[in-house]
Amino acid sequence: MSTTTGASAPRDTARANRYVIGIDVGTGSARAGLFDLEGRMLATAKRDIALFREAGSMVEQSSAEIWDAVCASVKEAVAAARIDPASVAGIGFDATCSLVVLGEGGTPLAVGPCEDAGRDIIVWMDHRATEQAERINKLGHPVLRYVGERISPEMETPKLLWLKENRPQIFDAAWQFFDLADYLTWRASDDLARSICTVTCKWTYLAHEQRWDESYFRKIGLDVLADEGFSRIGTRIVEPGTALGSGLTEEAAAAMGLVAGTAVAAGMIDAHAGGIGTVGIGGEPQRNLAYVFGTSSCTMTSTSEPVFVPGVWGPYYSAMVPGMWLNEGGQSAAGAAIERLIAMHPAHGAAKARADAKGVALPVLLADLALERAGTATEAVRLVKGLHVVPEFLGNRAPFADPEARAVIAGLGMEDDLDSLVALYVAGICSIGYGLRQIIEVQAEAGAHVEQVVISGGAGQSDFVRTLLAEAGGKPVVAPRTEEPVLLGSAILGAVAGGAFATMGEAMAQLSASGSVHQPATGAIADLHAERYAAFKALQLVYRDMRAC
Ligand SMILES: Nc1ncnc2c1ncn2[C@@H]1O[C@H](COP(=O)(O)OP(=O)(O)O)[C@@H](O)[C@H]1O
Ligand SMILES: O=C(CO)[C@H](O)[C@H](O)COP(=O)(O)O
């Protein structure tokens, strides 16, 4: 699928007819967006990518498939925009924080028991390393202060430990372990540099001290990585947006339909690219909480000084906005939780057929139906009538850092009609908003205050969702001007690497702007959300106490 828009040429002649490309690899798809140097997207293209699930919370992907999807998307976007490939100043990559395992010469290695080398990625949402994470947490090493006190099984060191303990032949044979974004920049440029963003947020690199902590690796049982001088996980750590190697290799350029030597930027995790594409709004990143609502959700808060919030990842130095500290929260399942919630309802099949016939995704159809039935997005909460959801199907990422938390649904009846499915959908979206509110409150108590939420991600494109999040979450939700803030964030990296802007700060300030603003609820609707938020917290708590039996 690709789309083109008929934007007029940029006013600044030095910047006219020069373009940048952003690539975003989410959980479900790889996408490329081609932007001019005023932040307008001229074309985009997308390829879906496969996800393989196995018993034991295992979720795997293929790096070769993802690379091919990236190249095909770039080629299609460039062709759709009808630009001269030589006018592309730079290319940036973001991706989910999944672990790629490659053997000598870059050959894929099977990460799981199915022994399929076509599955060489342990996906971020894979919880196979929960036991390893728990063991690491019990050791209480000081680096854990910089991951919100508790390492998550979604991070890379527990996953590496799992590989070493469960698939030692693969662990030993591995030539490089990459975060997915770093794998992509290596494929593009042949440069093994890692991004500060990936290794600080997911691998325990201490960016504020510019070092790995050897004692951590030794203490948790990954001493071999320290013995090797970290050569398999990264010895050159660079700022996102740094120009890598000599730009695109001949091979990568041919696969993408671009010119060899085109600047390739050190990349970022996808949520962080969403942050870069949005927090520059208003010129004061610390006022804005970047909320990236896709398969998962991420809350990205920037501060000048480190703020330690137990249960919220970080503080990470310079991992998103250069020179600022980052706290990262959110939920492991957000869009995925809504999908799971509605899939359980008896009317799901019929509703899905209706959505397919209209050519829209089911959550989009349900949002339209809720709006139709309620009259306004604000009134939609009244459709919910006693239905409460805690959507923690894949644990609580923040503020409890509890991967074993589970979802609660209260108030179900025998209804099997479309209206009750619509109500369940609305209750689910409200609960995503209550989870956001809980993180904002806990962070504020610790000293990280935000004034507004700037939204990105696939689910964040819906005005209905934005309004409900503002009303349930209790903060204004600002939609960026661009319809693709994550792709824009990634393109900003490419623009800096290509020399179109001197710094990330300059590029962010010039290319991000706000669109619509959705205000928190007032009056009776605010009271209703306050009551429902209290119910959300009560259910969360009561289930935590009873889940062992
Ligand atoms: N209106 C909506 N309401 C709820 N969820 C939505 C809506 N639109 C999209 N989504 C969800 O957003 C997710 C896709 O977002 P996207 O950012 O493209 O995903 P990713 O980058 O994780 O692959 C899916 O889980 C999808 O169901
Ligand atoms: O952990 C994360 C960021 O730190 C993300 O949740 C992960 O990368 C998946 O992203 P998405 O929901 O966009 O597919």
Side-chain angles (χ1 to χ4, degrees), residues 23-31 44 46-49 51 59 61 66 69 94-99 121 123-126 147 152-156 179-181 197-198 200-203 267-275 290-300 312-314 316 319-320 326-343 352 355 360-371 377 380 391 393-394 397-398 422 425-426 428-433 455-469 484-487 489-490:
I23 291 156
D24 167 43
V25 179
T27 306
S29 64
R31 300 177 310 135
T44 180
K46 169 182 160 184
R47 293 285 183 284
D48 288 339
I49 51 184
L51 209 58
V59 191
Q61 283 182 321
I66 290 177
D94 73 66
T96 61
C97 48
S98 303
L99 175 67
I121 299 182
V123 177
W124 64 273
M125 63 164 70
D126 181 307
V147 292
S152 161
E154 291 171 19
M155 294 177 176
E156 313 300 13
D179 223 68
L180 182 54
C197 172
T198 57
T200 304
C201 297
K202 306 295 171 181
W203 300 68
M268 276 193 154
I269 299 167
D270 53 355
H272 301 61
Y291 188 64
V292 190
F293 187 2
T295 304
S296 65
S297 70
C298 293
T299 58
M300 319 292 286
V312 177
W313 297 336
Y316 301 130
M320 191 175 83
L326 171 70
N327 294 98
E328 179 183 356
Q331 298 310 339
S332 303
I338 301 295
E339 286 175 28
R340 173 51 67 98
L341 183 70
I342 58 183
K352 175 83 172 60
V360 296
L362 179 55
V364 174
L365 175 80
L366 296 176
D368 289 347
L369 292 175
L371 196 57
F393 290 93
L394 197 56
R397 198 181 251 186
V422 170
Y425 168 77
V426 174
I429 297 293
C430 288
S431 70
I432 297 284
I455 194 158
S456 59
Q461 289 178 335
S462 153
D463 266 336
F464 180 82
V465 169
R466 292 165 178 169
T467 302
L468 250 65
L469 289 182
E484 290 289 357
V486 183
L487 284 174
S490 192

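Keep in mind the model is a prediction, meaning the values are calculated, not measured. First listed ligand is number 1; within each ligand, the first listed atom is number 1.
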Regarding ligand 2, does [X] bring an N or O atom to under 3.5 Å of one of the ligand's N or O atoms?
X: His272; value: no
X: Asp270; value: yes
X: Lys202; value: yes
X: Ala271; value: no

Table of N or O contacts for ligand 1, cutoff 3.5 Å:
from	atom 1	to	atom 2	distance (Å)
ligand 1	3 (N)	Tyr425	OH	2.7
ligand 1	17 (O)	Gly458	N	2.8
ligand 1	22 (O)	Thr295	N	3.1
ligand 1	22 (O)	Thr295	OG1	2.5
ligand 1	23 (O)	Thr27	N	3.1
ligand 1	23 (O)	Gly28	N	3.0
ligand 1	25 (O)	Glu339	OE2	2.6
ligand 1	27 (O)	Glu339	OE2	2.6

query = So is Cys201 close enough to ligand 2, meaning a heavy atom under 4.0 angstrom away?
reply = no

message = Contact between ligand 2 and Glu154 is defined here as a heavy atom of the residue under 4.0 Å from a ligand atom; is it met?
response =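 Judged by the 4.0 Å heavy-atom criterion, Glu154 does not count as contacting ligand 2.
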
key: From CA spacing to verdict: side-chain hydrogen bond (donor to acceptor under 3.5 Å, both in side chains), Thr44, Glu484   = CA-CA 9 Å; Thr44 180; Glu484 290 289 357; 5.3 Å; no

note = For Lys202 and Met155, the nearest pair of non-hydrogen atoms, with its separation, is O-CB, 3.6 Å

key: Heavy-atom pair with the smallest gap, counting every atom of Val292 and Gly274   = CG2-CA, 4.4 Å

Taking atom 3 (C) of ligand 2 as the reference point, the nearest protein heavy atom with its distance = Glu328 OE2, 3.2 Å

request  = Specify the protein heavy atom at minimum distance from atom 5 (C) of ligand 2: its residue, its atom name, and the distance to 0.1 Å.
outcome  =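 Checking every protein heavy atom, the shortest distance to atom 5 (C) of ligand 2 gives Ser296 OG, 3.6 Å.
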
Proximity of [X] to ligand 2 by residue part, where a heavy atom lies under 4.0 Å:
X: Thr96; answer: both
X: Met125; answer: neither
X: Met155; answer: neither

Among Arg31, Arg47, Lys46, the one residue meeting salt bridge (Lys or Arg N to Asp or Glu O under 4.0 Å) with Asp24 =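 Exactly one candidate clears the test, Arg31.
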
message = Could you tell me, atom by atom, which parts of ligand 2 come under 4.0 Å of a heavy atom of Cys298?
response = 2 (C), 3 (C), 5 (C), 6 (O)

Partner set under side chain to side chain donor-acceptor pair (under 3.5 Å) for Ser29, not counting sequence neighbours = none

